[in-house]
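Right, one structure below, let's go through it.
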Amino acid sequence: MNDIRGTIWRFGNHVNTDVIHAPEYFSLDPERVRQGLFHKLDPTLQPRIRKGDLFVAGCNFGCGSSRETSIRSLLLNKVGAIIAVDFARIFFRNAQNNGLPCLTFRNPEDLQRLQTGMPATLSFTDDCFLTQEGQIISLEPVPRFIRDIWKAGGLLEYAQLGAHL
């Protein structure tokens, strides 16, 4: 997979799926779903997110409901990846299945070194974050088959590729 370059957006602990994507933005209209990302937390945030931006967070990111609308909104906003201390299990699985990279810090205290607005590069080759200031932040290695799912764009796309091998 290619490195992802973007701006860091930092969040705290226990970021709930209803905070990530509020129920009033549930829709079949992709534009409405896209606009609902973090709307209740900060209505000015979503328009400032750019393709490849990197979300970092504390513990239990994605807790709450198991609805995939939060994942869909993150993907429609072209978020590059989410790096957290840890994830709610169902959110993590939904993200992997939909091709959204979710990684964890090797040292959870490294989250404190990252701030909103910092430019950074996520290196899949080296399993680390590289900040513009020269910091290297190690991430837990990700198994190859998970990387292959991300590269394919999700589990269904990965399964379809396997059918053609």
Fill in: All side chain to side chain donor-acceptor pair (under 3.5 Å) counterparts of Arg72, not counting sequence neighbours
none
Worksheet item: Under 3.5 Å, side chain of Asn97 to main-chain N/O of Leu155, donor-acceptor pair present?
Response: no
Worksheet item: Ala84 and Gly58: which non-hydrogen atoms are nearest, and at how many Å?
Response: CB-O, 3.5 Å
Item to complete: Given side-chain contact (heavy atoms from CB on, under 4.5 Å), test Gln132 with Met118 step by step and report yes or no.
Response: CA-CA 7 Å; Gln132 189 173 13; Met118 292 174 75; over 6 Å; no
Worksheet item: Which distance, rounded to the nearest 0.5 Å, do you find between the OG of Ser123 and the CE of Met1?
Response: 11.0 Å
Worksheet item: Taking NZ, NE, NH1 and NH2 as the nitrogens, is one of them in Arg67 or Asp18 under 4.0 Å from a carboxylate oxygen of the other?
Response: yes
Item to complete: Before giving the answer on side-chain contact (heavy atoms from CB on, under 4.5 Å), spell out for Gln46 and Asn77 the whole-Å C-alpha distance, their side-chain angles and the decisive distance to 0.1 Å.
Response: CA-CA 8 Å; Gln46 183 275 328; Asn77 279 283; 2.9 Å; yes
Worksheet item: Going from CD1 on Ile4 to NZ on Lys51, what distance comes out if it is rounded to the nearest 0.5 angstrom?
Response: 10.0 Å
Worksheet item: side chain to side chain donor-acceptor pair (under 3.5 Å) with Tyr25: which of Lys40, Arg32, His39?
Response: His39
Worksheet item: About how many Å separate OG of Ser65 and CG of Asn16, when rounded to the nearest 0.5 Å?
Response: 7.0 Å
Practice prompt. Report the C-alpha distance between Val85 and Thr104 in whole Å, list the side-chain angles of each, state the deciding distance to 0.1 Å, and finish with yes or no for side-chain contact (heavy atoms from CB on, under 4.5 Å).
Written response: CA-CA 5 Å; Val85 171; Thr104 55; over 6 Å; no
Discussion item. For Asp42, is there an ion pair with Arg48 - N to carboxylate O distance below 4.0 angstrom?
Written reply: yes
Discussion item. Before you tell me yes or no, could you show the steps for Arg10 and Gln112 under side chain to side chain donor-acceptor pair (under 3.5 Å), namely the whole-Å CA-CA distance, both residues' side-chain angles and the distance that decides it to 0.1 Å?
Written reply: CA-CA 10 Å; Arg10 184 170 159 188; Gln112 304 310 315; 3.0 Å; yes
Worksheet item: Got a donor-acceptor contact below 3.5 angstrom from the Asp86 side chain to the Asn60 backbone?
Response: yes
Worksheet item: Between Ser73 and Val33, is there a donor-acceptor pair closer than 3.5 Å when you use the side chain of the first and the backbone of the second?
Response: yes
Practice prompt. Find the distance between OG (Ser70) and CZ (Phe26) and round it off to the nearest 0.5 Å.
Written response: 8.0 Å
Practice prompt. First locate atom NZ of Lys78, then atom CG of Leu76, and finally report the distance between them rounded to the nearest 0.5 Å.
Written response: 7.5 Å
Worksheet item: If you group Ile, Leu, Val, Met, Phe, Trp and Tyr by side-chain heavy-atom gaps below 4.5 Å, do Ile136 and Leu111 land in one group?
Response: no
Item to complete: Walk me through it: do Trp150 and Phe124 pass the test ring pair (Phe, Tyr, Trp, His ring centres under 6.0 Å)?
Response: CA-CA 11 Å; Trp150 294 342; Phe124 290 106; 5.8 Å; yes
Discussion item. If you define the side chain from C-beta out and look only at heavy atoms, does anything of Asp127 sit under 4.5 Å from Glu140?
Written reply: no
Worksheet entry | From Ile83 atom CD1 to Ile8 atom CD1, the distance as rounded to the nearest 0.5 Å | 8.0 Å
Fill in: Pairwise salt bridge (charged side-chain N to carboxylate O under 4.0 Å, His left out) hits with a residue in residues 105-119, at least two apart
Asp110-Arg113
Fill in: Contact summary for Ala57 and Gly12, nearest pair of heavy atoms
CB-O, 3.7 Å
Worksheet item: Any side-chain heavy-atom pair from Leu139 and Phe105 closer than 4.5 angstrom?
Response: yes
Discussion item. Do the side chains of Asp29 and Arg34 get close enough for a salt bridge, i.e. N-O under 4.0 angstrom?
Written reply: no
Practice prompt. Answer yes if Ile90 and Leu103 sit in the same cluster of Ile, Leu, Val, Met, Phe, Trp and Tyr residues linked by side chain heavy atoms under 4.5 Å apart, and no otherwise.
Written response: no
Worksheet entry | Co-members of the apolar cluster containing Phe91 [side chain, <4.5 Å] | Trp9, Phe11, Val15, Val19, Ile20, Leu37, Phe38, Leu41, Leu45, Ile49, Phe55, Phe61, Ile71, Leu74, Leu75, Val79, Ile82, Phe87, Phe92, Leu100
Discussion item. If you define the side chain from C-beta out and look only at heavy atoms, does anything of Cys128 sit under 4.5 Å from Ile137?
Written reply: no
Worksheet item: What's the verdict on side-chain contact (heavy atoms from CB on, under 4.5 Å) for Thr131 and Leu114, showing C-alpha distance, side-chain angles and the deciding distance?
Response: CA-CA 8 Å; Thr131 68; Leu114 300 170; 3.7 Å; yes
